[in-house]
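Structure first, then comments.
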There are 2 protein chains.
Amino acid sequence: MYNFAIKLDNYTFMKRRSLRHNAIREIITNLAISSQDQLIHKLKEKGFDCTQATISRDLKFLRVYRVADEFGNYVYRLTGEVKKRRQGRLDIRHLTDNIKALEFSDKLALLKTNPGYANSVAIIIDQVEPFEILGTVAGDDTILIVAREGVPRSDVRESVFRIFPGMKNRIR
Amino acid sequence: MYNFAIKLDNYTFMKRRSLRHNAIREIITNLAISSQDQLIHKLKEKGFDCTQATISRDLKFLRVYRVADEFGNYVYRLTGEVKKRRQGRLDIRHLTDNIKALEFSDKLALLKTNPGYANSVAIIIDQVEPFEILGTVAGDDTILIVAREGVPRSDVRESVFRIFPGMKNRIR
DNA sequence: TACAGAAATGTATAATTTTGCAATAAAATT
DNA sequence: AATTTTATTGCAAAATTATACATTTCTGTA
């Protein structure tokens, strides 16, 4: 008699390492862990006893990484995890440095930025709410600016320049 | 005479740090860098001279992280970098679960997702390159889908459903 | 220009992570 | 079961990264 389907909901037969890996996944998705030592302690609470070296290998195996969060603290993340929205203090000058071009096509204005900056730049524009601008849609490195009906390009351009004064200096 | 397209390729007025940040982005997207010392050397080749401490701060600022690659080596990655993950059933399934609505306005289609998922979903659409869809712009929770000229809404809808079959079951 | 405050950086050091190697445990083979 | 092979782990040291503090550079203003 053979087994054709093997059920694995019983953790009893799982290897110790696999169990620990699962525990690690669970811990770092629910808690803000910023060092392997912290992880050791949380694991101990769950009954897993191991050294920091083992954790290091586990994290390597699981492709877990450590990255700065929005508050400037380091946290561990699972690969492929969806990143959270970023809010907070944004430096106009810094953002301006990452704006590459302002172009027009029909009634749309496109603000090109360095990769990853579109959202931050668009947030500023949205906060200012210039009369000339109806709304924006930000991708990764491009912002689509929709002008209010009847507003000419030059006005849109000026309103953007009003928000990011540094841009003017970089036009040749 | 007006400028309708404004180019900003003059980096002269950019802060030193911003320039270095750009260089770092470029280096780690193109090369497999596994330590900050390696990065220092590559930066030196590009004319940026700084210490490891500065790099550490730069990487923290840029939300760059280090993770094990498929060969067991550590490499630096940009946050939000496009992953060349296999496009398996599970991924599609998971993403579909995070799609909330498909709406139309004039010639534009808007795909609403849960926060943070717009980019991942848009990447899939871009990869498939359906004939009906000219391109997409992804924000945080909204994707703007631009249809090819003359393509009716129903065709756009069908092409989206073809990519995310699970949608049909959930969206009326 | 001179000055005050803020931002960026280097130095030295602390904190943290990674790894070679030996020991142990687990799995496979005979 | 005994033996061999492979995988996992701890220990200690090396490698790497983060940060406190001092110094320099930058920015805006009088």
Side-chain angles (χ1 to χ4, degrees), chain A residues 6 11-24 27-28 32-44 47-69 71-77 79 88-98 164-170, chain B residues 11-24 27-28 32-44 46-69 71-77 79:
Chain A
I6 300 166
Y11 287 82
T12 313
F13 301 107
M14 211 178 269
K15 283 188 217 165
R16 201 148 46 105
R17 193 177 71 148
S18 289
L19 288 169
R20 193 178 58 241
H21 283 180
N22 285 339
I24 289 174
I27 290 169
I28 67 176
I33 302 293
S34 64
S35 78
Q36 297 181 5
D37 268 331
Q38 280 183 42
L39 197 46
I40 288 179
H41 292 122
K42 291 294 170 192
L43 282 170
K44 196 158 281 174
F48 295 95
D49 209 333
C50 64
T51 64
Q52 176 273 325
T54 296
I55 304 279
S56 173
R57 293 177 182 116
D58 287 347
L59 296 183
K60 183 176 188 177
F61 182 90
L62 293 171
R63 306 265 200 105
V64 167
Y65 60 89
R66 198 168 75 134
V67 67
D69 69 7
F71 308 115
N73 303 312
Y74 288 95
V75 292
Y76 283 95
R77 295 252 174 90
T79 304
R89 298 184 76 73
L90 294 165
D91 174 11
I92 297 281
R93 172 170 287 274
H94 169 66
L95 291 177
T96 305
D97 285 344
N98 287 285
F164 304 101
M167 285 178 68
K168 272 203 285 267
N169 303 329
R170 312 218 322 273
Chain B
Y11 288 82
T12 313
F13 300 106
M14 212 178 267
K15 281 191 213 166
R16 204 149 47 105
R17 193 178 70 149
S18 287
L19 289 169
R20 191 179 59 243
H21 283 179
N22 285 339
I24 289 173
I27 290 168
I28 67 176
I33 302 294
S34 63
S35 78
Q36 298 180 2
D37 269 329
Q38 279 183 43
L39 198 44
I40 288 179
H41 292 122
K42 291 295 170 191
L43 283 170
K44 196 158 280 175
K46 286 177 173 285
F48 295 94
D49 210 331
C50 63
T51 64
Q52 175 269 325
T54 295
I55 305 277
S56 174
R57 293 176 183 119
D58 286 346
L59 296 184
K60 183 177 188 176
F61 183 91
L62 293 170
R63 307 261 204 110
V64 168
Y65 59 88
R66 199 169 73 135
V67 68
D69 70 7
F71 309 114
N73 303 313
Y74 286 96
V75 292
Y76 283 95
R77 295 253 174 90
T79 304

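Numbers restart at 1 for each chain; the letters A, B, ... are given by sequence-line order, proteins then strands.
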Rounding to an integer number of Å, can you tell me how far Ile33(A) CD1 sits from dT17(C) C1'? 16 Å
Would you mind classifying the nucleic acid contact of Asp49(B) as base, sugar-phosphate or nothing, using non-hydrogen atoms under 4.0 angstrom? sugar-phosphate
For Tyr74(B), ring-ring contact (aromatic ring centres under 6.0 Å, His included) partners two or more places apart: none
Ala32(B) versus Gln38(B), closest heavy-atom pair with distance: O-OE1, 3.7 Å
Rounded to the nearest Å, what distance is computed from the CG atom of residue Leu19(A) to the C1' atom of nucleotide dA26(C)? 15 Å
Treat primed atoms plus P, OP1 and OP2 as sugar-phosphate and everything else as base, then score nucleotides 11-22 of chain D 5' to 3': B for base contact with protein heavy atoms under 4.0 Å, S for sugar-phosphate contact only, - for none. B----SBBBBB-
Separation of Phe48(A) atom CZ from dG10(D) atom P, in whole Å? 13 Å
If I take atom CZ in residue Arg20(B) and atom P in nucleotide dA7(C), what distance separates them, rounded to the nearest angstrom? 16 Å
Of all heavy-atom pairs between Val64(B) and Val67(A), which one has the smallest distance, and what is that distance? O-CG2, 4.2 Å
Length of the CD-C1' vector between Gln38(A) and dA15(C), whole Å: 13 Å
Quick check for you: to the nearest 0.5 Å, what is the distance between Ile40(A) atom CD1 and Thr54(A) atom OG1? 8.5 Å
Rounded to the nearest 0.5 angstrom, the CG-CD distance for Leu59(A) and Gln36(A) is 5.0 Å
Would you check if the side chain of Arg66(B) reaches a backbone N or O of Tyr65(A) as a donor-acceptor pair within less than 3.5 Å? no
Figure out the CZ/P separation between Arg17(A) and dA25(C), and round it to whole Å. 17 Å
